[in-house]
Protein chains: 2
Amino acid sequence: MAVNIYDVAKLSGVSIATVSRVVNGSTKVSEKTRRKVLDVMEQCGYTPNVFARGLGLDSMKTIGILCPDISDAFIAQAVAFLEERLHQYEYDCILGCSGYDLEAKETHTKMLLSKRIDALILVSSTYAGRERHPEDVEYIKEAAKQTPVFLINGFVEGKNIYCSFCDDFKATYDVTSGFIRRGKKKILFLCDSYSYSASKKMAGYEAALRDAGYPIRGELKFYTKNRIHHVRDMLLSHKNLEFDSVVATDDGLAIGALKYANVKGLKVPDDIEIAGYNNSQLSVGCEPELTSVDNHLEKMCNDTVDYMLRVLQGDTDVPPQNEVVCEIKKRCTTDF
Amino acid sequence: MAVNIYDVAKLSGVSIATVSRVVNGSTKVSEKTRRKVLDVMEQCGYTPNVFARGLGLDSMKTIGILCPDISDAFIAQAVAFLEERLHQYEYDCILGCSGYDLEAKETHTKMLLSKRIDALILVSSTYAGRERHPEDVEYIKEAAKQTPVFLINGFVEGKNIYCSFCDDFKATYDVTSGFIRRGKKKILFLCDSYSYSASKKMAGYEAALRDAGYPIRGELKFYTKNRIHHVRDMLLSHKNLEFDSVVATDDGLAIGALKYANVKGLKVPDDIEIAGYNNSQLSVGCEPELTSVDNHLEKMCNDTVDYMLRVLQGDTDVPPQNEVVCEIKKRCTTDF
DNA sequence: GTGAAAGCGCTAACAA
DNA sequence: TTGTTAGCGCTTTCAC
């Protein structure tokens with residue numbers, strides 16, 4: 001069996017209290033004793049038992065990260081940023097992938113909480129639930145009673161809940177307004193969920209139309225699965241559908257529209273202009289490369305970790321909301 | 001503070017041992033007592049303290065997953081498969097992202113081990129180290145003394161180490177042979193690492209050339225960073241380089257070559273044929289869509305979890321190596 | 001500056 | 001079927 005604190009104490013000729021002090025960097029240890037203990041620890045490769053320590057401190061320096069699907073490029077990128085930062089501060093990450101259904105979100109959250117995580121980070125606006133459906137986020141408020149909860153790219157109001165999100169409304173408003181300015185008349189809106197962020201994007205799209213005196217036409221708003229070929233085929237199947245530009249809430253959807261344009265023989269951006277979202281490799285892997293909204297995910301993630309550290313240190317002045325600005329990466333437009 | 005086993009025992013009018021039995025589903029409890037205890041637990045929202053349990057059992061049902069970079073599509077997909085399966089068996093995942101440098105791999109591994117994980121899963125062939133550099137994998141063998149180690153898409157020989165990988169040699173051999181059969185003369189090889197799997201891919205490429213009586217030309221083998229524009233620019237910068245087909249070890253590299261072809265005005269696949277690897281969304285998002293090797297990642301992951309469960313149950317007959325066959329997804333070739 | 005000892009909440013061996 | 005009790009390895013208070 002592994003060597004424990006008693007072994008080290010015995011070999012060093014001190015008590016376990018002193019060993020504990022050395023391990024935890026207490027100043028109340030003479031330099032000589034500290035050296036001796038450190039030596040012994042080195043010698044026998046002592047590693048403190050995290051379970052025992054957890055029992056005493058009620059913490060294992062572990063953060064729960066819950067996401068719907070880690071194979072999603074945007075989410076994976078977020079988790080990468082989070083893990084890097086958390087690791088710097090010696091926190092470990094327990095990762096859960098819940099999918100998009102409420103029940104699974106709830107059970108995953110429970111499972112993470114049962115591990116006595118120090119904080120819970122929810123990645124993706126899907127956790128913000130649907131508008132006017134408070135029951136969608138009940139489990140989050142419940143979780144927040146036990147541990148601070150941090151939401152990335154979403155907003156839930158509540159005690160001990162902290163949210164970082166980006167200005168999706170403005171980004172989509174700007175993209176849509178750009179289309180209008182360039183003379184586009186029939187602007188398609190493509191989205192793949194009814195999440196908090198999708199709502200903001202749609203609101204931005206509609207506001208731009210409204211401000212330009214355009215009608216908001218329901219048949220130009222599509223909800224569809226985020227799979228390239230699926231989007232293409234869905235668009236092709238609507239024979240009478242006409243549009244001269246596309247505002248997509250994800251690059252995958254935009255690529256689907258691009259595929260549609262290819263099949264129809266439409267030139268991008270002259271015949272049809274397409275904008276994506278999330279600024280992923282996909283928007284750069286196609287031809288022509290697509291304009292895409294960069295929502296500064298890294299900043300959202302870093303801010304979140306910073307806030308988390310402050311909350312865990314007892315700081316009571318941490319802002320419950322944090323908005324990051326988006327940036328439109330222009331790659332393909334008729335504008336000059 | 002939270003309610004503990006003593007509270008439940010008191011409220012139920014039984015001993016903590018009985019409560020423990022109920023919690024752990026022991027059969028040696030009368031139906032009446034069990035009901036009573038369950039009721040009380042429900043009533044006061046009792047959750048066993050995992051740290052205390054961990055201390056006693058020396059396990060928290062937690063699996064360490066280490067990967068170089070979760071924002072890599074292939075790796076993220078692997079982690080998604082792993083997490084799903086592990087969650088089914090009520091294991092939690094601690095995720096670490098180590099990057100590609102040896103030292104960081106070592107410290108990350110140590111950190112995971114210090115959490116007393118039940119098993120360690122290494123995702124990516126980068127952990128298999130370089131050929132003829134046993135020091136690259138010393139820390140893995142060391143880790144395997146403490147906990148079973150599972151490697152995905154790589155191979156390391158050693159006690160308590162179990163590896164799943166795919167037949168990269170054959171896949172690349174077949175892709176290359178296809179090019180040769182279709183009359184390609186100058187086949188470029190593009191890779192982004194010196195990993196175990198990259199070696200196998202290069203070996204397959206070279207074997208195909210050799211078997212066809214072609215020379216193996218060093219100037220046709222490129223090691224480059226896996227960024228689309230970087231690959232394109234790198235290829236463009238080699239003014240005198242000539243090639244009529246590309247074998248890439250990742251879709252990102254293949255897309256880079258595709259961008260190069262676009263700039264040069266070369267038609268794909270007629271003027272130049274390009275094959276990618278990993279069958280990602282990238283290979284489908286471009287135009288034309290690229291042929292790509294599907295290495296059946298899901299099977300590798302599922303097999304790994306199955307083996308892990310068996311090892312943890314004390315099964316001594318678990319195969320130390322597991323090879324999965326690859327499949328070439330033909331999307332773009334002059335072949336008929 | 002150091003040590004003794006009381007928990008932390010649970011599991012499991014042993015008694016009853 | 002149920003209860004008693006001795007750990008599991010560490011942190012921390014209180015003496016010295």
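So you know, we letter chains A, B, ... as the sequences are listed, proteins then strands, and number each from 1. These figures come from a predicted structure and were not determined experimentally.
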When the distance from CZ of B:Arg53 to P of C:dT11 is rounded to whole Å, what number comes out?
-> 5 Å
Should we count CD of A:Gln88 as having more than 12 external heavy atoms under 6.0 Å?
-> yes
Closest nucleotide of DNA chain C for B:Thr47 versus for B:Arg21: which of these residues is on the 5' side?
-> B:Thr47
D:dC14 C1' sits how many Å from A:Ile16 CD1, rounded?
-> 15 Å
Could you state the OH-C1' distance from B:Tyr46 to C:dG9, rounded to the nearest angstrom?
-> 7 Å
Check: C:dG1 base within 3.5 Å donor-acceptor of A:Arg34 side chain | no
Any side-chain heavy-atom pair from B:Asp92 and B:Ile63 closer than 4.5 angstrom?
-> no
What is the distance, rounded to the nearest whole Å, between atom NZ of B:Lys61 and atom C1' of C:dC10?
-> 17 Å
Quick one: is C:dT2 close enough that its OP1 or OP2 comes under 4.0 Å of any side-chain N or O from A:Thr33?
-> yes
Give one of base, sugar-phosphate or nothing for A:Val14, where a contact means two heavy atoms less than 4.0 Å apart.
-> sugar-phosphate
Could you check how far OH of B:Tyr6 sits from P of C:dC10, rounded to whole Å?
-> 8 Å
Give a yes/no answer on whether the side chain of A:Ser20 brings an N or O atom under 4.0 Å of OP1 or OP2 in D:dT11.
-> yes
Between A:Thr18 and C:dT2, does any side-chain N or O lie under 4.0 Å from OP1 or OP2?
-> no
What nucleic acid atoms does B:Ser30 come within less than 4.0 Å of, heavy atoms only: base, sugar-phosphate, or nothing?
-> sugar-phosphate
A:Ala17 has its side chain closest, among C:dA5, C:dA12, C:dT2, to C:dA5
From CG of B:Leu55 across to P of D:dT11 the rounded distance in Å is 11 Å
With the side chain of A:Asn24 defined as its heavy atoms from C-beta on, choose the nearest nucleotide among D:dT11, C:dT2, C:dT11.
-> D:dT11
Atom-pair distance (CG on B:Asn4; P on C:dG9), nearest Å | 5 Å
Any donor-acceptor N or O pair under 3.5 Å, side chains A:Lys105, A:Thr126 = yes
Are A:Tyr162 and A:Phe150 close enough that their ring centers fall under 6.0 Å?
-> yes
Per B:Leu57 side chain, nearest of listed nucleotides D:dG3, C:dG9, C:dA12 | C:dA12
Atom pair distance, as rounded to whole Å: CD1 in B:Ile5 and C1' in C:dC10 = 6 Å
Only counting residues at least two apart or in another chain, list the ones meeting side-chain contact (heavy atoms from CB on, under 4.5 Å) with B:Lys141.
-> B:Val137, B:Glu138, B:Val156, B:Ile161
